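Okay, structure first, notes after.
All of these numbers come straight from a predicted model, not from anything done at the bench.
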Amino acid sequence: MLKSKIIYLLLIAGMVLFYILFIDSMSLLILLLTLAFPFIQLYILFRISKNISSSLSTEEQNIPKNTETKIIVNIRNYSVFPVSCAVATLNITNTLTGEVQTLTTMIPVSADNEQSIKFCVSYAHCGKILITLKSIKIYDYIKLFSRTISMNVSKEIIVVPSLVRISPTIETSFTGTAENDEFSKIKPGDDCTEIFNIREYAYGDKINRIHWNLTTKLDNLMVKEYSMPVSSRIIIVFEFCIDESSDDRFYKNDATIETAMSLSHFMINNNISHQICWFDPKRKVFHTEKITSEDDFSAFIGSVFLSGTYTDYYSAFTHHKVENHEKKFSHTIYISPVLTDEIFHNLSVLYNTKKTTYVHIADNLTEEPEFFKSTDTASAVTVRYGGISEGLDKICI
């Protein structure tokens, strides 16, 4: 714009000189038109600014990491004047990691027409991506003036974590600290407190499972199938914190949620209900979700991305100790991208859990300290963000 103004001032100086040298009606008319031209430009710019709108759209609402998608900016010009240059600036923020990106483009728009432009983007880290078009800046035809039009149009994309295929060990009998109160509806088991099904006797069935009352009534041997407990009172507590000391902090952050997701999904597939907890720094709330089905799992993923990350490494663990101190668990799995001797010790002496596992999300090079090793009261598992499945296979649920 500065260059255009300088050129325009030189043009006026030339017209004044022309009028002085050639004093007649024609030179005066040209001078007057030159002086009036900016006011005409201002009028046109004002009319256009009152008749322009914009919208945002995306190809996908949910995308995996490192997958290209398109953001489409639409600008509609309802005026009879064309727009020679409209500058649209997009602010793209990952609300989970705090990463900010800015994209700018210049778009000409014909009179009474609509123009679209597509941005191809991909995201390396999971989270909720907030795309905002706050304003559009339009220029007159020779860029003497500009006008900023407030838009405040936004769109959201969820960059979902990757589910990792894992095969940790499952204990054949859960060692809960309280009686199980939920049972599988699709698989029988060995819990005699609940009957899963009654069927005819088959060779190999145990005598003590014969249902004598029903056998007498039907005059046929009938046996009881017992239920399989699925309420094992397992709780997953994960820290959605940022390890500021690590250059790979965002990769470790992704691995934290992917580890929690993969463990939870594995348990669902094996009919193990459980709880999963995390701290939401935005609302100052400690979330606890009970996961018994795919629907619960999907709701959990949606809730996580409404939260944010934090730098207080102990938030989830501290709230878990306070809010769940009266509850009993068979297994507490603690997941964190930060490793401290203090937390490992406190996890080892939790009195309300039969078994504990500290899952440390580490980078691919850092060696674990001497204190981080399995003891009689706590298991120590290292998960490298470059090989999540290998680390999680070491866990015994």
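- Shown here is R165, whose CZ atom has no more than 12 heavy atoms of other residues, nucleotides or ligands within 6.0 Å.
- The two residues L45 and S146 come nearest to each other via the heavy atoms CD2-C, 3.8 Å.
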Verdict with supporting geometry, Y78 and S53, side-chain contact (heavy atoms from CB on, under 4.5 Å): CA-CA 8 Å; Y78 294 96; S53 65; 3.4 Å; yes

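- Between N74 and S57 there is a side-chain heavy-atom pair separated by less than 4.5 Å.
- With contacts defined as side-chain heavy-atom distances shorter than 4.5 Å, the pair Y313/L339 does not qualify.
- Counting only N and O atoms by type, the side chains of T357 and H331 include a donor and acceptor under 3.5 Å apart.
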S122/N66 under side-chain hydrogen bond (donor to acceptor under 3.5 Å, both in side chains): CA gap, chis, key distance, verdict: CA-CA 5 Å; S122 63; N66 299 311; 5.5 Å; no

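- When only modelled atom types and interatomic distance are considered, S273 and T292 share no side-chain donor-acceptor pair under 3.5 Å.
- In summary, the side chains of T132 and N91 do not present any donor paired with an acceptor at a separation below 3.5 Å, with no hydrogens or angles considered.
- A distance-only check finds a donor-acceptor pair linking the side chain of T340 to the backbone of I343 [under 3.5 Å].
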Full working for side-chain hydrogen bond (donor to acceptor under 3.5 Å, both in side chains) between T382 and E368: CA-CA 8 Å; T382 299; E368 300 293 4; 2.9 Å; yes

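- M261 and I333 fall within the same hydrophobic cluster, where Ile, Leu, Val, Met, Phe, Trp and Tyr residues are linked whenever their side-chain heavy atoms come under 4.5 Å apart, directly or through other members.
- Heavy-atom minimum distance, S330 versus K354: O-CB, 3.4 Å.
- Proximity of the aromatic rings of W278 and F300 is defined here by a centroid distance below 6.0 angstrom, and this criterion is met.
- Using modelled atom types and a 3.5 Å distance limit, the side chains of Y385 and E258 yield no donor-acceptor pair.
- Using modelled atom types, one side-chain atom of K355 and one backbone atom of C396 make a donor-acceptor pair closer than 3.5 Å.
- The side-chain heavy atoms of I40 and L42, taken from C-beta on, include no pair separated by under 4.5 Å.
- Two rings, from F317 and Y334, have their centers less than 6.0 Å apart.
- From T377, atom OG1 reaches atom CG of L350 across 9.5 Å, with rounding to the nearest 0.5 Å.
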side-chain contact (heavy atoms from CB on, under 4.5 Å) between Q275 and E289, worked out: CA-CA 6 Å; Q275 296 178 60; E289 297 287 344; over 6 Å; no

E156 vs K128, salt bridge (charged side-chain N to carboxylate O under 4.0 Å, His left out): CA-CA, chis, key distance, verdict: CA-CA 7 Å; E156 291 180 357; K128 184 175 75 171; 3.7 Å; yes

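- Listed for the T93 side chain is no donor-acceptor partner under 3.5 Å among the backbone atoms of T95.
- A heavy-atom distance below 4.5 Å is not found between the side chains of R384 and E390.
- Taking the six-membered ring for Trp and the full ring otherwise, Y139 and F145 have centroids separated by 6.0 Å or more.
- A heavy-atom distance below 4.5 Å is found between the side chains of T259 and L392.
- Judged purely by atom type and a 3.5 angstrom limit, N113 has no side-chain atom pairing as donor or acceptor with the backbone of V109.
- The side-chain hydrogen bond (donor to acceptor under 3.5 Å, both in side chains) check on H265 picks up N269, E294, with sequence neighbours excluded.
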Residue pair D254, K65: steps toward the salt bridge (charged side-chain N to carboxylate O under 4.0 Å, His left out) verdict: CA-CA 10 Å; D254 289 346; K65 293 188 303 180; 3.7 Å; yes

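- A donor-acceptor pair is defined here as one N or O able to donate and one able to accept, closer than 3.5 Å; no such pair exists between the side chain of D280 and the backbone of K284.
- L306 has its side chain within reach of R283: a pair of non-hydrogen atoms, C-beta onward, lies under 4.5 Å apart.
- Between E239 and A316 the shortest heavy-atom distance is OE1-N, 3.0 Å.
- Here the side chain of N352 pairs no donor or acceptor atom with the backbone of K328 at under 3.5 angstrom.
- Side chain to side chain, R147 and S49 meet the donor-acceptor criterion of an N or O pair below 3.5 Å.
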Trace of the side-chain contact (heavy atoms from CB on, under 4.5 Å) decision for C277 with I235: CA-CA 7 Å; C277 311; I235 186 168; 3.4 Å; yes

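- Taking the centre of each ring, F279 and F240 stay at or above the 6.0 Å mark.
- Contact annotation: the side chain of I234 approaches that of M267 to within less than 4.5 Å [non-hydrogen atoms, C-beta and beyond].
- Contact between G391 and V381 at its shortest, heavy atoms only, is O-CG1, 3.4 Å.
- Atom NE2 in H360 sits 8.5 Å away from atom OG1 in T256 (nearest 0.5 Å).
- With respect to D112 and R76, a salt bridge is recorded, a charged nitrogen being found less than 4.0 Å from a carboxylate O.
- For the residue pair H274/S264, the side-chain donor-acceptor check at 3.5 Å is satisfied.
- Annotation: the span from D363 atom CG to D247 atom CG amounts to 9.0 Å, rounded to 0.5 Å.
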Worked verdict on V121 versus I71 for side-chain contact (heavy atoms from CB on, under 4.5 Å): CA-CA 7 Å; V121 294; I71 302 171; 3.7 Å; yes

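- The neighbour count for K50 NZ, taken as heavy atoms of other residues, nucleotides or ligands under 6.0 Å away, does not exceed 12.
- In this structure, T309 and P281 approach most closely via the heavy-atom pair O-CG, 3.6 Å.
- Other residues, nucleotides and ligands place more than 12 heavy atoms under 6.0 Å from the CZ atom of F286.
- Between the side chains of T311 and E244, no donor N or O sits under 3.5 Å from an acceptor N or O.
- K252 has its side chain within reach of S246: a pair of non-hydrogen atoms, C-beta onward, lies under 4.5 Å apart.
- Although no hydrogens or angles enter the test, the distance criterion places no donor-acceptor pair under 3.5 Å between the side chain of T89 and the main chain of T104.
- No hydrogens or angles considered: a donor-acceptor pair under 3.5 Å links the side chains of D243 and S245.
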Pair up each side-chain donor or acceptor in residues 22-39 with any protein partner under 3.5 Å, not counting sequence neighbours, and list the distances.
| residue | atom | partner | partner atom | Å |
| --- | --- | --- | --- | --- |
| D24 | OD1 | M26 | N | 3.3 |
| D24 | OD1 | S27 | N | 2.8 |
| D24 | OD1 | S27 | OG | 2.8 |
| S27 | OG | F22 | O | 2.4 |
| S27 | OG | D24 | N | 3.3 |
| S27 | OG | D24 | O | 3.0 |
| T34 | OG1 | I30 | O | 2.7 |

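- Within the 3.5 Å criterion, the main-chain N or O of I44 finds no donor-acceptor partner in the side chain of D140.
- Pairing each heavy atom of P82 with each of N77, the nearest pair is CA-ND2, 3.9 Å.
- At least one donor-acceptor pair closer than 3.5 Å links the side chain of T375 to the backbone N or O of A378.
- With rounding to the nearest 0.5 angstrom, the OG1 atom of T353 is 8.0 Å from the CG atom of L347.
- Between the side chain of N270 and the main chain of I272, no donor-acceptor pair closer than 3.5 Å is present.
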